[in-house]
Amino acid sequence: MKKYVKLAIAAALLALSIYLFVVGQIGWGVVTMLLLPLPIFLYFRNEYILLTMWEMRKQNMEGAAKWLSKITDPEGQLVRKQMGYYHFMTGAMQVQHNIAGSEKHMRKALEYGLSFAHDRAMAKLNLAAGAMSRGKKQEAQKWLAESKAEDKQNMLTEHIKTLEQQLKKMNVGRNAQNPHMRQRGRYF
């Protein structure tokens with residue numbers, strides 16, 4: 001459902017409740033006033049985003065993908081903050097199969113903005129992993145440092161340490177040689 005339709009429903013409920021109070025149907029007026037916060041809440045917190053988060057929390061990625069696929073027009077259905085979480089969750093689902101697509105969605109999620117520091121840290125950690133997979137060590141170090149700074153609650157400490165260890169083992173450069181290999185002389 002489009003986000004402006006939800007506001008129209010809220011306005012219609014407000015008008016109906018005022019009408020019911022004027023006519024003398026106080027009970028039904030109170031009922032419609034109690035229903036009024038629901039479409040306003042769903043304007044700021046999309047129902048499909050909430051259901052996707054619920055499924056992701058239960059580690060049910062198939063269910064989360066099903067609910068996320070119901071968002072057919074993100075710009076028309078979601079407000080700016082929700083767009084960030086839409087891209088964040090889409091990137092989180094693609095990280096296993098398509099790291100480049102995941103990286104694109106994580107960048108968009110950071111552009112739109114994420115409310116929680118641990119979500120920003122996770123997005124930056126995924127960007128660091130993507131940079132490592134492309135062989136860009138300096139970019140990976142930058143994203144890893146930013147992720148470590150955002151992780152104030154130490155929720156991603158193990159993941160960060162694992163990536164740091166992998167980063168130390170990573171050789172960079174076109175002419176990187178194995179240091180354990182015997183050096184060749186000029187004539188042999």
Side-chain angles (χ1 to χ4, degrees), residues 1-8 10 39-167 170 172:
M1 181 182 307
K2 300 281 185 187
K3 58 185 173 184
Y4 297 115
V5 172
K6 295 174 187 175
L7 290 178
I40 295 171
F41 173 75
L42 292 177
Y43 174 79
F44 291 107
R45 303 280 186 243
N46 187 281
E47 60 274 9
Y48 296 129
I49 297 285
L50 293 173
L51 290 169
T52 302
M53 284 183 178
W54 175 262
E55 293 293 335
M56 286 180 85
R57 197 165 276 162
K58 292 189 317 185
Q59 301 293 322
N60 182 7
M61 291 303 180
E62 293 84 21
K66 180 187 85 166
W67 286 116
L68 199 60
S69 69
K70 301 241 185 216
I71 300 175
T72 55
D73 179 26
E75 287 83 17
Q77 289 178 287
L78 306 172
V79 295
R80 184 169 176 82
K81 275 287 196 213
Q82 292 171 343
M83 287 291 293
Y85 278 99
Y86 170 77
H87 287 292
F88 176 73
M89 289 186 283
T90 304
M93 284 187 227
Q94 288 184 354
V95 77
Q96 297 294 330
H97 311 334
N98 181 8
I99 191 107
S102 171
E103 196 172 352
K104 179 185 80 165
H105 283 289
M106 289 298 176
R107 286 184 193 276
K108 281 187 179 182
L110 289 173
E111 280 179 28
Y112 282 112
L114 298 169
S115 298
F116 299 107
H118 58 84
D119 292 336
R120 290 188 298 271
M122 179 61 110
K124 291 175 182 180
L125 189 66
N126 283 332
L127 288 172
M132 279 180 57
S133 71
R134 287 182 287 130
K136 297 189 176 191
K137 186 174 183 176
Q138 292 175 340
E139 183 181 347
Q141 287 173 335
K142 178 190 83 134
W143 286 117
L144 204 55
E146 289 182 23
S147 176
K148 190 184 285 189
E150 289 279 352
D151 188 28
K152 295 176 178 93
Q153 296 175 344
N154 297 327
M155 294 174 70
L156 303 171
T157 306
E158 292 178 31
H159 298 292
I160 291 171
K161 285 180 183 178
T162 304
L163 274 180
E164 283 176 341
Q165 290 172 353
Q166 290 175 355
L167 203 56
M170 188 174 160
V172 176

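Every value quoted in this text rests on a predicted model; they were computed, and no experiment measured them.
No more than 12 heavy-atom neighbours from other residues, nucleotides or ligands sit within 6.0 angstrom of CZ on Arg45. For NZ of Lys6, the number of neighbouring non-hydrogen atoms (other residues, nucleotides, ligands) closer than 6.0 Å is greater than 12. No more than 12 heavy atoms of other residues, nucleotides or ligands sit less than 6.0 Å from atom CE of Met155.
In terms of modelled atom types and a separation under 3.5 Å, the side chain of Glu55 and the main chain of Thr52 share no donor-acceptor contact. Judged purely by atom type and a 3.5 angstrom limit, Lys124 has no side-chain atom pairing as donor or acceptor with the backbone of Glu146. A donor-acceptor pair is defined here as one N or O able to donate and one able to accept, closer than 3.5 Å; no such pair exists between the side chain of Ser147 and the backbone of Trp143. With Asp151 contributing its side chain and Leu156 its backbone, the two residues share a donor-acceptor pair below 3.5 Å. Using modelled atom types, no side-chain atom of Ser102 and backbone atom of Asn98 make a donor-acceptor pair closer than 3.5 Å.
Residues passing the side-chain hydrogen bond (donor to acceptor under 3.5 Å, both in side chains) test with Tyr86, sequence neighbours excluded: none.
Minimum interatomic distance between Ala121 and Glu150 (heavy atoms only, all atoms of both residues): CB-CB, 3.6 Å. Of all heavy-atom pairs between Ala109 and Leu114, the closest is O-CG, 3.9 Å. Between Leu78 and Lys3, the shortest heavy-atom contact is O-NZ, 3.2 Å. Here the shortest heavy-atom pairing between Lys137 and Leu167 reads CE-O, 3.4 Å. Summarising the geometry of Phe88 relative to Asp119, their closest heavy-atom pair is CE1-O, 3.5 Å, with the distance given to 0.1 Å. Across Ala92 and Met56, no two heavy atoms sit closer than the pair CB-CE, 3.8 Å.
A heavy-atom distance below 4.5 Å is found between the side chains of Leu110 and Arg120. At least one side-chain heavy atom of Lys161 sits under 4.5 Å from a side-chain heavy atom of Thr157. By the 4.5 Å heavy-atom criterion applied to side chains, Met106 and Val95 are not counted as neighbours.
Distance check: Lys136 NZ to Gln141 CD gives 14.0 Å after rounding to the nearest 0.5 Å. Interatomic distance, Met83 CE to Ile49 CD1, rounded to the nearest 0.5 Å: 9.0 Å. Here the CG atom belonging to Leu42 is positioned 7.5 Å from the CG atom belonging to Leu50, to the nearest 0.5 angstrom. Atoms NZ and CG, on Lys148 and Leu163 in that order, are 11.0 Å from each other to the nearest 0.5 Å. His118 contributes atom NE2, which lies 6.0 Å from atom CD of Gln153 (distance to the nearest 0.5 angstrom). With rounding to the nearest 0.5 Å, the separation of CG in Leu68 from CG in Leu51 is 11.0 Å.
Side chains of Asn46 and Tyr85: no donor on one and acceptor on the other come within 3.5 Å.
Sorted by first then second residue, the side-chain hydrogen bond (donor to acceptor under 3.5 Å, both in side chains) pairs that include residues 61-73, not counting sequence neighbours, are Lys2-Asp73. For residues 106-116, every residue pair satisfying the side-chain hydrogen bond (donor to acceptor under 3.5 Å, both in side chains) rule, not counting sequence neighbours, is listed here: Glu103-Arg107, Arg107-Glu139.
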